[in-house]
Participant: 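First the structure, which I've put down as structure tokens, then a few questions once you've had a look.
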Amino acid sequence: MVVRVVSVNVGAPRATQWRGRTVHSAIWKTPVDGPIRVAGVNLAGDDQADRRVHGGVDKAVYAYSAEDYAWWADTGGVAVGPASFGENLTTTGIDLRACAVGDRWRVGTVELEVAQPREPCFKLGIRMGDDAFPDRFAEARRPGAYFRIITEGELAAGDAVEVTPSAQPSVALGDMVRGPSDAQWRIMRDDERFPPLWRHRAERALRL
């Protein structure tokens with residue numbers, strides 16, 4: 001099956017009420033027509049409310065698959081579609097769980113590199129109207145993929161994705177959220193393609 005982008009989604013931070021306080025988030029995103037510029041740590045028209053935990057070099061672009069949305073609809077009983085989980089790219093034709101850190105994606109004139117899986121925070125619960133949803137998302141082990149931007153350029157809905165597998169050894173995103181083996185922890189500790197947080201986790205895990 002051809003891997004392609006079915007939707008490009010962007011959004012600016014907005015305020016919402018949650019448990020009696022005001023929370024700012026850009027998890028609400030809207031599909032847009034391309035071409036869309038991808039540069040720095042964002043798509044044009046996209047932003048993050050709190051760069052301490054969202055966005056940045058290793059979370060510049062987030063992708064979630066139509067196949068995983070179908071699983072949520074069929075198995076999880078959740079009505080979802082493109083941009084429901086706040087992703088920038090809704091994809092089809094690829095199992096994101098099998099993507100390894102270091103895989104390169106060529107989309108339009110943009111080159112992206114798989115950096116890490118998503119770990120949901122309470123804002124996904126706000127988006128879904130269910131405070132328990134982040135736990136459900138984590139338990140489903142369908143995290144989607146965060147990318148860093150290697151080559152700036154433009155992409156659009158409908159673009160094909162050319163995937164270049166990572167130099168091995170690496171670790172698949174699905175294995176990272178299922179619980180790595182000691183050998184995989186060692187790879188993450190020693191490979192600078194893994195973000196600092198994951199390398200620190202690996203160091204701690206290997207001390208136990």
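Atoms considered below: every heavy atom in the structure, side chains included; atoms not considered: hydrogens, waters and symmetry mates.
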Participant: Hydrophobic clustering (ILVMFWY, side-chain heavy atoms < 4.5 Å, transitive) - are V10 and L112 grouped together?
Facilitator: yes
Participant: For the CG atom on D74, are there more than 12 heavy atoms of other groups (residues, nucleotides or ligands in this structure) within a distance under 6.0 Å?
Facilitator: yes
Participant: Taking C-beta and beyond as the side chain, do I187 and V101 meet within less than 4.5 Å on heavy atoms?
Facilitator: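 No - every pair of side-chain heavy atoms lies 4.5 Å or more apart.
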Participant: Any side-chain heavy atom of Q48 sitting closer than 4.5 Å to one from N42?
Facilitator: yes
Participant: Side-chain contact test, heavy atoms from C-beta onward, threshold under 4.5 Å: evaluate it for Y69 versus T90 and give yes or no.
Facilitator: yes
Participant: Under the side-chain contact (heavy atoms from CB on, under 4.5 Å) test against V107, which residue among T91, V8, V38, L155 passes?
Facilitator: L155
Participant: With side chains defined as the heavy atoms from C-beta onward, is the minimum distance between I126 and V23 less than 4.5 Å?
Facilitator: yes
Participant: I want to check something: taking the side chain as every heavy atom from C-beta on, are T16 and S25 in contact at a cut-off of under 4.5 Å?
Facilitator: no
Participant: Just how far is it from atom CZ of R189 to atom CG of L206, taken to the nearest 0.5 Å?
Facilitator: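 It comes to 5.0 Å.
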Participant: Provide the full list of side-chain hydrogen bond (donor to acceptor under 3.5 Å, both in side chains) pairs with a residue in residues 163-177, sequence neighbours left out, each pair given once.
Facilitator: S166-R193, D175-R178, D175-Q184
Participant: Would you find a donor on one side and an acceptor on the other, under 3.5 Å apart, between the side chain of D103 and the backbone of P165?
Facilitator: no
Participant: Using every non-hydrogen atom in the two residues, find where S7 and P31 come nearest and quote the distance to one decimal.
Facilitator: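 Heavy atoms of S7 and P31 come nearest at OG-CB, 3.4 Å.
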Participant: Evaluate the side-chain proximity of M128 to R136: yes if any heavy-atom separation is below 4.5 Å, no if none is.
Facilitator: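 No, their side chains stay 4.5 Å or more apart.
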Participant: Below 4.0 angstrom, N of the basic side chain to O of the carboxylate: do E203 and R199 qualify?
Facilitator: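 Here E203 does not pair with R199 in a salt bridge, since their nearest N and O are not under 4.0 Å apart.
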Participant: How far apart are the closest heavy atoms of R51 and G56, and which atoms are they?
Facilitator: CD-N, 4.2 Å
Participant: How about Q116 and K59: do any of their side-chain heavy atoms sit closer than 4.5 Å?
Facilitator: yes
Participant: Among the clusters formed by ILVMFWY side chains lying less than 4.5 Å apart, do W71 and Y64 turn up in the same one?
Facilitator: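 Yes, it is one cluster - the side chains of W71 and Y64 are joined through contacts under 4.5 Å.
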Participant: When you group the ILVMFWY residues by side-chain heavy-atom contacts below 4.5 Å and let the links chain together, are V57 and L197 in the same group?
Facilitator: no
Participant: Quick check: F85 with Y62 (ring centres under 6.0 Å apart)?
Facilitator: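 Here the rings of F85 and Y62 have centres that are no less than 6.0 Å from each other.
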Participant: Measure across N88 and A60 and return the closest heavy-atom pair with its distance rounded to 0.1 Å.
Facilitator: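 Here N88 and A60 meet closest at OD1-O, 4.1 Å.
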Participant: Minimum heavy-atom separation for D191 and P169, please, with both atom names.
Facilitator: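 Taking D191 first and P169 second, the nearest heavy atoms are OD2-O, 4.0 Å.
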Participant: Does the structure place the NZ or CZ of R19 under 6.0 Å from the centre of the six-membered ring of F122, at an angle of no more than 45° from the ring's axis?
Facilitator: no
Participant: Could you list all the side-chain hydrogen bond (donor to acceptor under 3.5 Å, both in side chains) pairs where at least one residue sits in residues 138-148, not counting sequence neighbours?
Facilitator: D58-R148, D68-R142, E113-R148
Participant: Evaluate the criterion side-chain contact (heavy atoms from CB on, under 4.5 Å) for residue pair E152 and V110; output intermediate values, then yes/no.
Facilitator: CA-CA 5 Å; E152 299 178 349; V110 178; over 6 Å; no
Participant: Go through it in stages, so that I can follow the logic: the residues are E87 and N9, the test is side-chain contact (heavy atoms from CB on, under 4.5 Å), and I'd like the CA-CA distance, side-chain angles, deciding distance and then a yes or no.
Facilitator: CA-CA 7 Å; E87 77 275 9; N9 317 299; 3.9 Å; yes
Participant: So W105 and V61, do their side chains get closer than 4.5 Å, heavy atoms only?
Facilitator: no
Participant: Can you give me the closest heavy-atom contact between P143 and R118, atom names plus distance?
Facilitator: O-CB, 3.1 Å
Participant: Show the nearest heavy-atom pair for residues T151 and T109, with the distance to one decimal.
Facilitator: CG2-O, 4.1 Å
Participant: Decide yes or no on side-chain contact (heavy atoms from CB on, under 4.5 Å) for V177 and R97, but give the supporting numbers first.
Facilitator: CA-CA 9 Å; V177 297; R97 297 169 297 179; over 6 Å; no
